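Take a look at the structure below.
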There are 2 protein chains.
Amino acid sequence: MLAGAELADEIGFAAVTVSELARRAGVKVPSLYSHVRSSQDLKTRIALLALEELADRGSAALAGRAGKDALAALANVYRDYAREHPGRYAATQMPLDAETALSSAGPRHSQMTRAILRGYDLTEPDQTHAVRLLGSVFHGYVSLELTGGFSHSAPDSAESWARILDALDAMLRAWPPTPER
Amino acid sequence: MLAGAELADEIGFAAVTVSELARRAGVKVPSLYSHVRSSQDLKTRIALLALEELADRGSAALAGRAGKDALAALANVYRDYAREHPGRYAATQMPLDAETALSSAGPRHSQMTRAILRGYDLTEPDQTHAVRLLGSVFHGYVSLELTGGFSHSAPDSAESWARILDALDAMLRAWPPTPER
DNA sequence: CACATTCGCCTAACACCTTTAGGTTGCGTG
DNA sequence: CACGCAACCTAAAGGTGTTAGGCGAATGTG
(Lines give C-alpha, C1' and ligand atoms only; values in the text may rest on other atoms or scores of the structure.)
Protein backbone atom coordinates (compact mmCIF):
# COMPACT_ATOMS: atom_id res chain seq x y z
CA MET A 1 0.00 0.00 0.00
CA LEU A 2 2.44 2.60 -1.17
CA ALA A 3 -0.35 5.03 -1.99
CA GLY A 4 -1.58 4.71 1.57
CA ALA A 5 1.88 5.39 2.95
CA GLU A 6 2.22 8.50 0.83
CA LEU A 7 -1.17 9.64 2.01
CA ALA A 8 -0.11 9.11 5.61
CA ASP A 9 3.01 11.20 5.11
CA GLU A 10 0.98 13.95 3.57
CA ILE A 11 -1.98 14.24 5.92
CA GLY A 12 -0.83 12.29 8.98
CA PHE A 13 -1.37 8.65 9.80
CA ALA A 14 -4.32 9.36 12.08
CA ALA A 15 -6.15 11.06 9.24
CA VAL A 16 -5.71 8.17 6.80
CA THR A 17 -9.08 7.01 5.64
CA VAL A 18 -10.39 4.72 2.96
CA SER A 19 -12.48 7.59 1.64
CA GLU A 20 -9.56 9.95 1.31
CA LEU A 21 -7.46 7.32 -0.37
CA ALA A 22 -10.25 6.65 -2.87
CA ARG A 23 -10.59 10.36 -3.52
CA ARG A 24 -6.90 10.67 -4.32
CA ALA A 25 -6.98 7.61 -6.50
CA GLY A 26 -9.91 9.01 -8.46
CA VAL A 27 -11.97 5.98 -7.62
CA LYS A 28 -15.19 5.31 -5.71
CA VAL A 29 -14.87 4.20 -2.12
CA PRO A 30 -16.25 0.67 -2.37
CA SER A 31 -13.80 -0.08 -5.16
CA LEU A 32 -11.02 -0.08 -2.62
CA TYR A 33 -12.64 -2.85 -0.68
CA SER A 34 -11.39 -5.38 -3.21
CA HIS A 35 -7.87 -4.32 -2.27
CA VAL A 36 -8.18 -3.90 1.49
CA ARG A 37 -10.44 -5.76 3.86
CA SER A 38 -11.21 -2.78 6.05
CA SER A 39 -9.99 0.57 7.19
CA GLN A 40 -8.09 -1.21 9.93
CA ASP A 41 -6.52 -3.47 7.35
CA LEU A 42 -5.37 -0.47 5.34
CA LYS A 43 -3.66 1.04 8.35
CA THR A 44 -2.06 -2.27 9.24
CA ARG A 45 -0.63 -2.59 5.75
CA ILE A 46 0.86 0.87 5.97
CA ALA A 47 2.39 -0.05 9.32
CA LEU A 48 3.87 -3.26 7.92
CA LEU A 49 5.28 -1.44 4.92
CA ALA A 50 6.88 1.17 7.15
CA LEU A 51 8.35 -1.44 9.46
CA GLU A 52 9.89 -3.20 6.46
CA GLU A 53 11.31 -0.05 4.94
CA LEU A 54 12.76 0.96 8.25
CA ALA A 55 14.32 -2.46 8.82
CA ASP A 56 15.80 -2.42 5.32
CA ARG A 57 17.36 0.96 5.88
CA GLY A 58 18.61 -0.19 9.23
CA SER A 59 20.40 -3.26 8.01
CA ALA A 60 21.89 -1.32 5.13
CA ALA A 61 23.21 1.29 7.55
CA LEU A 62 24.57 -1.31 9.93
CA ALA A 63 26.55 -3.22 7.33
CA GLY A 64 30.24 -2.87 7.96
CA ARG A 65 29.92 -0.77 11.07
CA ALA A 66 30.53 -1.52 14.72
CA GLY A 67 30.59 0.20 18.09
CA LYS A 68 29.58 3.79 18.24
CA ASP A 69 29.55 4.01 14.47
CA ALA A 70 26.88 1.36 14.33
CA LEU A 71 24.95 2.94 17.18
CA ALA A 72 24.84 6.32 15.48
CA ALA A 73 24.03 4.80 12.11
CA LEU A 74 20.99 2.91 13.32
CA ALA A 75 19.83 5.77 15.50
CA ASN A 76 20.00 8.13 12.57
CA VAL A 77 18.07 5.74 10.37
CA TYR A 78 15.15 6.03 12.78
CA ARG A 79 15.39 9.76 13.17
CA ASP A 80 15.86 10.47 9.48
CA TYR A 81 13.07 8.14 8.46
CA ALA A 82 10.68 9.79 10.90
CA ARG A 83 11.54 13.23 9.61
CA GLU A 84 11.30 12.13 6.00
CA HIS A 85 8.16 10.05 6.41
CA PRO A 86 6.30 11.21 9.51
CA GLY A 87 3.10 9.42 8.59
CA ARG A 88 4.85 6.13 8.01
CA TYR A 89 6.80 6.52 11.21
CA ALA A 90 3.60 7.13 13.14
CA ALA A 91 2.22 3.99 11.54
CA THR A 92 5.02 1.93 13.06
CA GLN A 93 3.68 2.81 16.49
CA MET A 94 0.33 1.24 15.74
CA PRO A 95 -0.37 -1.74 17.98
CA LEU A 96 -0.48 -4.98 16.02
CA ASP A 97 -1.98 -8.20 17.23
CA ALA A 98 0.57 -10.76 18.37
CA GLU A 99 0.46 -12.88 15.24
CA THR A 100 0.83 -9.96 12.84
CA ALA A 101 3.58 -8.47 14.96
CA LEU A 102 5.59 -11.68 14.81
CA SER A 103 5.37 -11.99 11.05
CA SER A 104 6.21 -8.31 10.61
CA ALA A 105 9.64 -6.76 10.37
CA GLY A 106 9.34 -5.94 14.07
CA PRO A 107 11.65 -8.72 15.21
CA ARG A 108 14.31 -7.53 12.75
CA HIS A 109 14.40 -4.26 14.63
CA SER A 110 15.28 -5.78 17.96
CA GLN A 111 17.82 -8.00 16.21
CA MET A 112 19.48 -4.94 14.75
CA THR A 113 19.68 -3.26 18.11
CA ARG A 114 21.12 -6.41 19.56
CA ALA A 115 23.67 -6.47 16.77
CA ILE A 116 24.92 -3.07 17.83
CA LEU A 117 25.64 -4.42 21.27
CA ARG A 118 28.13 -6.89 19.84
CA GLY A 119 30.51 -3.95 19.86
CA TYR A 120 30.14 -3.60 23.61
CA ASP A 121 30.88 -5.96 26.42
CA LEU A 122 27.44 -7.02 27.59
CA THR A 123 26.11 -10.46 28.40
CA GLU A 124 22.59 -11.62 29.08
CA PRO A 125 20.42 -10.44 30.71
CA ASP A 126 22.08 -7.03 30.55
CA GLN A 127 22.12 -7.24 26.80
CA THR A 128 18.34 -7.45 26.72
CA HIS A 129 18.04 -4.60 29.17
CA ALA A 130 20.26 -2.52 26.92
CA VAL A 131 18.23 -3.45 23.85
CA ARG A 132 15.15 -2.19 25.60
CA LEU A 133 16.86 0.97 26.71
CA LEU A 134 18.14 1.77 23.25
CA GLY A 135 14.76 1.01 21.73
CA SER A 136 13.15 3.32 24.25
CA VAL A 137 15.51 6.16 23.52
CA PHE A 138 15.21 5.85 19.76
CA HIS A 139 11.47 5.61 19.83
CA GLY A 140 11.03 8.14 22.59
CA TYR A 141 13.30 10.80 21.21
CA VAL A 142 12.04 10.54 17.68
CA SER A 143 8.42 10.61 18.68
CA LEU A 144 8.90 13.53 21.06
CA GLU A 145 10.79 15.42 18.40
CA LEU A 146 8.09 14.68 15.86
CA THR A 147 5.20 15.87 17.99
CA GLY A 148 7.10 19.08 18.64
CA GLY A 149 8.17 18.23 22.17
CA PHE A 150 11.42 20.20 22.12
CA SER A 151 11.25 21.98 18.85
CA HIS A 152 12.15 25.62 18.97
CA SER A 153 13.96 25.89 22.29
CA ALA A 154 17.55 26.64 23.17
CA PRO A 155 19.93 23.85 22.13
CA ASP A 156 19.21 22.57 18.68
CA SER A 157 17.54 19.19 18.59
CA ALA A 158 20.29 17.87 16.34
CA GLU A 159 22.86 18.86 18.92
CA SER A 160 20.99 17.10 21.70
CA TRP A 161 20.75 14.04 19.53
CA ALA A 162 24.51 13.97 18.94
CA ARG A 163 25.26 14.40 22.63
CA ILE A 164 22.73 11.75 23.56
CA LEU A 165 24.47 9.30 21.27
CA ASP A 166 27.77 10.21 22.94
CA ALA A 167 26.24 9.56 26.33
CA LEU A 168 24.68 6.27 25.28
CA ASP A 169 27.97 5.08 23.85
CA ALA A 170 29.75 5.95 27.08
CA MET A 171 27.02 4.27 29.08
CA LEU A 172 27.28 1.04 27.11
CA ARG A 173 31.06 1.00 27.50
CA ALA A 174 30.71 1.45 31.25
CA TRP A 175 27.57 -0.58 31.88
CA PRO A 176 27.18 -0.82 35.66
CA PRO A 177 27.37 -4.19 37.43
CA THR A 178 24.18 -5.52 38.93
CA PRO A 179 23.96 -4.01 42.41
CA GLU A 180 22.92 -5.93 45.50
CA ARG A 181 19.30 -5.19 46.21
CA MET B 1 -13.68 15.55 31.90
CA LEU B 2 -13.23 12.81 34.41
CA ALA B 3 -15.86 10.65 32.72
CA GLY B 4 -13.94 10.95 29.49
CA ALA B 5 -10.72 9.89 31.18
CA GLU B 6 -12.38 6.86 32.69
CA LEU B 7 -13.78 5.97 29.30
CA ALA B 8 -10.31 6.27 27.78
CA ASP B 9 -8.86 3.92 30.39
CA GLU B 10 -11.60 1.43 29.73
CA ILE B 11 -11.73 1.31 25.95
CA GLY B 12 -8.52 3.04 24.91
CA PHE B 13 -7.90 6.66 24.12
CA ALA B 14 -8.14 6.12 20.38
CA ALA B 15 -11.66 4.72 20.77
CA VAL B 16 -12.96 7.65 22.79
CA THR B 17 -15.87 9.15 20.99
CA VAL B 18 -18.56 11.66 21.80
CA SER B 19 -21.14 9.03 20.96
CA GLU B 20 -19.71 6.44 23.29
CA LEU B 21 -19.43 8.94 26.11
CA ALA B 22 -23.06 9.95 25.61
CA ARG B 23 -24.11 6.31 25.60
CA ARG B 24 -22.37 5.68 28.92
CA ALA B 25 -23.82 8.83 30.41
CA GLY B 26 -27.31 7.78 29.36
CA VAL B 27 -27.73 10.94 27.36
CA LYS B 28 -28.23 11.82 23.72
CA VAL B 29 -25.19 12.76 21.72
CA PRO B 30 -25.96 16.44 20.99
CA SER B 31 -26.47 17.06 24.69
CA LEU B 32 -22.75 16.72 25.19
CA TYR B 33 -22.07 19.56 22.83
CA SER B 34 -22.97 22.03 25.54
CA HIS B 35 -20.09 20.61 27.57
CA VAL B 36 -17.47 20.10 24.87
CA ARG B 37 -16.96 22.06 21.72
CA SER B 38 -16.06 19.08 19.58
CA SER B 39 -14.69 15.59 19.61
CA GLN B 40 -11.23 17.10 19.36
CA ASP B 41 -11.98 19.29 22.33
CA LEU B 42 -13.05 16.27 24.37
CA LYS B 43 -9.78 14.50 23.64
CA THR B 44 -7.79 17.61 24.42
CA ARG B 45 -9.48 17.94 27.79
CA ILE B 46 -8.66 14.35 28.64
CA ALA B 47 -5.05 15.00 27.65
CA LEU B 48 -4.87 18.11 29.82
CA LEU B 49 -6.37 16.29 32.77
CA ALA B 50 -3.88 13.46 32.42
CA LEU B 51 -0.93 15.84 32.12
CA GLU B 52 -2.05 17.57 35.33
CA GLU B 53 -2.56 14.37 37.25
CA LEU B 54 0.79 13.10 36.14
CA ALA B 55 2.55 16.33 37.07
CA ASP B 56 0.87 16.31 40.48
CA ARG B 57 2.01 12.78 41.15
CA GLY B 58 5.45 13.69 39.95
CA SER B 59 5.97 16.63 42.22
CA ALA B 60 4.61 14.67 45.17
CA ALA B 61 7.05 11.87 44.44
CA LEU B 62 9.97 14.24 43.99
CA ALA B 63 9.49 16.05 47.29
CA GLY B 64 12.36 15.36 49.65
CA ARG B 65 14.30 13.17 47.24
CA ALA B 66 17.50 13.73 45.33
CA GLY B 67 19.93 11.87 43.10
CA LYS B 68 19.05 8.38 42.08
CA ASP B 69 16.18 8.31 44.53
CA ALA B 70 14.56 11.19 42.72
CA LEU B 71 15.30 9.67 39.34
CA ALA B 72 13.65 6.40 40.25
CA ALA B 73 10.72 8.11 41.92
CA LEU B 74 9.81 10.22 38.91
CA ALA B 75 10.44 7.40 36.48
CA ASN B 76 8.13 5.15 38.45
CA VAL B 77 5.43 7.79 38.53
CA TYR B 78 5.30 7.65 34.75
CA ARG B 79 5.40 3.92 34.52
CA ASP B 80 2.87 3.32 37.27
CA TYR B 81 0.51 5.93 35.93
CA ALA B 82 0.64 4.40 32.48
CA ARG B 83 -0.11 0.95 33.83
CA GLU B 84 -2.86 2.22 36.07
CA HIS B 85 -4.42 4.55 33.49
CA PRO B 86 -3.41 3.43 30.01
CA GLY B 87 -6.01 5.54 28.27
CA ARG B 88 -5.04 8.68 30.10
CA TYR B 89 -1.38 8.00 29.47
CA ALA B 90 -2.05 7.59 25.76
CA ALA B 91 -3.86 10.90 25.89
CA THR B 92 -0.72 12.65 27.10
CA GLN B 93 0.93 11.76 23.80
CA MET B 94 -1.68 13.65 21.82
CA PRO B 95 -0.17 16.58 19.96
CA LEU B 96 -1.42 19.90 21.32
CA ASP B 97 -1.20 23.19 19.51
CA ALA B 98 1.54 25.46 20.79
CA GLU B 99 -0.69 27.70 22.85
CA THR B 100 -2.52 24.86 24.58
CA ALA B 101 0.74 23.06 25.22
CA LEU B 102 2.23 26.07 26.96
CA SER B 103 -0.72 26.54 29.26
CA SER B 104 -0.86 22.81 30.03
CA ALA B 105 1.05 20.98 32.72
CA GLY B 106 3.58 20.04 30.03
CA PRO B 107 6.20 22.55 31.15
CA ARG B 108 5.95 21.25 34.70
CA HIS B 109 7.13 17.89 33.40
CA SER B 110 10.35 19.19 31.93
CA GLN B 111 10.89 21.23 35.07
CA MET B 112 10.60 18.09 37.16
CA THR B 113 13.12 16.26 35.02
CA ARG B 114 15.42 19.24 35.28
CA ALA B 115 15.00 19.18 39.03
CA ILE B 116 16.32 15.63 39.14
CA LEU B 117 19.49 16.79 37.45
CA ARG B 118 20.27 19.07 40.37
CA GLY B 119 21.56 15.93 42.01
CA TYR B 120 24.09 15.47 39.25
CA ASP B 121 26.90 17.64 38.04
CA LEU B 122 25.62 18.95 34.72
CA THR B 123 25.67 22.46 33.35
CA GLU B 124 23.96 23.90 30.30
CA PRO B 125 23.66 22.87 27.57
CA ASP B 126 24.32 19.32 28.75
CA GLN B 127 21.55 19.68 31.28
CA THR B 128 19.03 20.23 28.50
CA HIS B 129 20.42 17.31 26.53
CA ALA B 130 20.01 15.14 29.60
CA VAL B 131 16.46 16.37 30.15
CA ARG B 132 15.63 15.33 26.61
CA LEU B 133 17.32 11.99 27.04
CA LEU B 134 15.48 11.21 30.26
CA GLY B 135 12.20 12.33 28.77
CA SER B 136 12.81 10.09 25.78
CA VAL B 137 13.59 7.08 27.93
CA PHE B 138 10.59 7.55 30.21
CA HIS B 139 8.22 8.13 27.37
CA GLY B 140 9.77 5.52 25.10
CA TYR B 141 9.99 2.73 27.62
CA VAL B 142 6.54 3.26 29.02
CA SER B 143 4.90 3.47 25.64
CA LEU B 144 6.73 0.42 24.29
CA GLU B 145 5.82 -1.52 27.40
CA LEU B 146 2.21 -0.43 27.06
CA THR B 147 1.80 -1.46 23.44
CA GLY B 148 3.24 -4.83 24.31
CA GLY B 149 6.67 -4.24 22.83
CA PHE B 150 8.57 -6.46 25.24
CA SER B 151 5.85 -8.08 27.20
CA HIS B 152 6.21 -11.77 27.67
CA SER B 153 9.83 -12.36 26.82
CA ALA B 154 12.77 -13.46 28.87
CA PRO B 155 13.83 -10.89 31.44
CA ASP B 156 10.88 -9.41 33.25
CA SER B 157 10.02 -5.89 32.17
CA ALA B 158 10.26 -4.72 35.80
CA GLU B 159 13.80 -6.05 35.97
CA SER B 160 14.81 -4.23 32.81
CA TRP B 161 13.30 -1.08 34.19
CA ALA B 162 15.32 -1.32 37.36
CA ARG B 163 18.55 -1.98 35.50
CA ILE B 164 17.84 0.85 33.09
CA LEU B 165 17.47 3.23 36.00
CA ASP B 166 20.80 1.97 37.34
CA ALA B 167 22.41 2.60 33.99
CA LEU B 168 20.90 6.06 33.64
CA ASP B 169 22.08 7.00 37.10
CA ALA B 170 25.60 5.85 36.28
CA MET B 171 25.46 7.68 32.99
CA LEU B 172 24.45 10.96 34.59
CA ARG B 173 27.21 10.65 37.17
CA ALA B 174 29.75 10.08 34.41
CA TRP B 175 28.34 12.36 31.73
CA PRO B 176 30.94 12.46 28.94
CA PRO B 177 32.67 15.74 28.06
CA THR B 178 31.84 17.30 24.72
CA PRO B 179 34.16 15.67 22.19
CA GLU B 180 35.94 17.56 19.42
CA ARG B 181 34.02 17.15 16.22
C1' DC C 1 -44.90 36.22 43.80
C1' DA C 2 -44.20 36.70 38.69
C1' DC C 3 -40.77 37.00 35.43
C1' DA C 4 -36.79 36.31 32.76
C1' DT C 5 -32.70 33.98 32.33
C1' DT C 6 -30.02 30.10 32.25
C1' DC C 7 -28.97 25.39 32.10
C1' DG C 8 -29.31 20.79 30.61
C1' DC C 9 -31.51 18.15 27.70
C1' DC C 10 -34.13 16.95 23.54
C1' DT C 11 -35.48 16.19 18.22
C1' DA C 12 -34.41 17.05 13.43
C1' DA C 13 -31.28 17.21 9.90
C1' DC C 14 -26.99 17.07 7.28
C1' DA C 15 -22.42 15.55 6.10
C1' DC C 16 -18.95 12.18 6.09
C1' DC C 17 -16.85 7.45 6.80
C1' DT C 18 -17.36 2.32 6.76
C1' DT C 19 -18.99 -1.65 5.02
C1' DT C 20 -21.88 -5.07 2.38
C1' DA C 21 -24.45 -6.65 -1.71
C1' DG C 22 -24.84 -7.09 -6.24
C1' DG C 23 -24.09 -5.65 -11.12
C1' DT C 24 -21.07 -4.09 -15.13
C1' DT C 25 -17.17 -4.25 -18.28
C1' DG C 26 -12.98 -5.80 -20.37
C1' DC C 27 -9.38 -8.93 -20.99
C1' DG C 28 -6.50 -13.17 -20.97
C1' DT C 29 -6.74 -18.16 -21.23
C1' DG C 30 -8.17 -22.77 -22.29
C1' DC D 1 -15.27 -18.33 -28.71
C1' DA D 2 -16.84 -18.90 -23.92
C1' DC D 3 -15.30 -18.54 -19.39
C1' DG D 4 -13.75 -16.55 -15.40
C1' DC D 5 -11.47 -13.16 -13.08
C1' DA D 6 -10.10 -8.41 -11.96
C1' DA D 7 -11.32 -3.88 -11.22
C1' DC D 8 -14.65 -0.91 -11.21
C1' DC D 9 -19.41 0.71 -10.44
C1' DT D 10 -24.35 1.93 -7.99
C1' DA D 11 -27.36 1.30 -4.09
C1' DA D 12 -28.09 1.14 0.59
C1' DA D 13 -27.59 0.79 5.56
C1' DG D 14 -25.39 2.00 9.91
C1' DG D 15 -22.34 4.85 12.81
C1' DT D 16 -20.04 9.31 14.19
C1' DG D 17 -19.61 14.50 14.21
C1' DT D 18 -21.90 18.70 14.22
C1' DT D 19 -25.33 22.49 13.89
C1' DA D 20 -29.89 24.54 14.64
C1' DG D 21 -33.63 25.23 17.16
C1' DG D 22 -36.96 24.05 20.90
C1' DC D 23 -38.71 22.55 25.66
C1' DG D 24 -38.92 22.41 30.70
C1' DA D 25 -37.14 22.97 35.24
C1' DA D 26 -34.27 25.58 38.48
C1' DT D 27 -32.76 29.99 39.84
C1' DG D 28 -32.13 34.60 40.96
C1' DT D 29 -34.44 39.22 40.72
C1' DG D 30 -37.76 43.18 40.82
Side-chain angles (χ1 to χ4, degrees), chain A residues 1-51 85-101 104 147, chain B residues 1-51 85-101 104 147:
Chain A
M1 281 293 105
L2 225 178
E6 283 162 4
L7 179 60
D9 286 335
E10 196 178 328
I11 66 175
F13 183 64
V16 167
T17 202
V18 179
S19 299
E20 187 59 32
L21 188 56
R23 210 168 293 134
R24 307 273 174 132
V27 137
K28 299 296 179 178
V29 180
S31 305
L32 287 190
Y33 277 77
S34 18
H35 303 285
V36 288
R37 231 188 325 282
S38 66
S39 184
Q40 186 65 19
D41 179 45
L42 167 64
K43 289 183 195 144
T44 301
R45 284 171 195 244
I46 297 173
L48 293 177
L49 171 77
L51 284 171
H85 298 295
R88 288 173 215 214
Y89 185 79
T92 65
Q93 303 175 219
M94 194 184 91
L96 301 174
D97 61 273
E99 191 197 359
T100 309
S104 77
T147 64
Chain B
M1 281 295 102
L2 225 178
E6 283 163 4
L7 178 60
D9 286 335
E10 198 178 327
I11 67 174
F13 183 64
V16 167
T17 203
V18 179
S19 300
E20 186 60 30
L21 187 56
R23 210 169 292 136
R24 306 274 174 131
V27 136
K28 299 295 179 177
V29 179
S31 305
L32 288 189
Y33 277 78
S34 18
H35 302 285
V36 286
R37 233 189 322 282
S38 67
S39 183
Q40 186 64 19
D41 180 44
L42 167 63
K43 289 181 194 146
T44 301
R45 282 169 196 246
I46 297 173
L48 293 176
L49 172 77
L51 283 170
H85 298 296
R88 282 144 140 120
Y89 185 79
T92 64
Q93 303 176 218
M94 194 184 91
L96 301 174
D97 61 274
E99 192 197 1
T100 310
S104 77
T147 64

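As the structure is a prediction and not an experimental result, all values here were calculated from the model. Note on naming: letters A, B, ... go to the chains in the order of the sequence lines (proteins, then strands), and numbering restarts at 1 for each one.
Taking atom OH of Tyr33(B) as the reference point, atom C1' of dT18(D) lies 5 Å away to the nearest angstrom. Atom CG in Asp41(A) sits roughly 13 Å away from atom C1' in dT18(C) (whole-Å rounding).
Listed pair Ser34(A) / dA7(D) fails the phosphate criterion, with no side-chain N or O lying under 4.0 Å from OP1 or OP2. Phosphate proximity of dG15(D) to Ser19(B): absent, as no side-chain N or O sits under 4.0 Å from OP1 or OP2. Contact check, His35(A) against dA6(D): no side-chain N or O comes under 4.0 Å of OP1 or OP2. The shortest distance between the side-chain N/O atoms of Arg37(B) and the OP1/OP2 oxygens of dG17(D) is not below 4.0 Å. Between Ser38(A) and dT18(C) there is no side-chain polar atom (N or O) within less than 4.0 angstrom of OP1 or OP2. Taking only side-chain nitrogens and oxygens, Thr17(A) comes nearer than 4.0 Å to OP1 or OP2 of dT18(C).
Nearest-nucleotide mapping onto DNA chain C: of Pro30(A) and Glu20(A), the residue sitting toward the 5' end is Glu20(A).
If you check the side chains of Asp97(A) and Thr100(A), you find a donor sitting under 3.5 Å from an acceptor.
Taken to the nearest 0.5 Å, the CG atom of Leu49(A) stands 9.5 Å off from the CE atom of Met1(A).
A salt bridge links Arg24(A) and Glu10(A); the closest N-O separation between the charged side-chain nitrogens and carboxylate oxygens is under 4.0 Å.
Between Arg23(A) and Leu21(A), every side-chain heavy-atom pair lies at or beyond the 4.5 Å cut-off.
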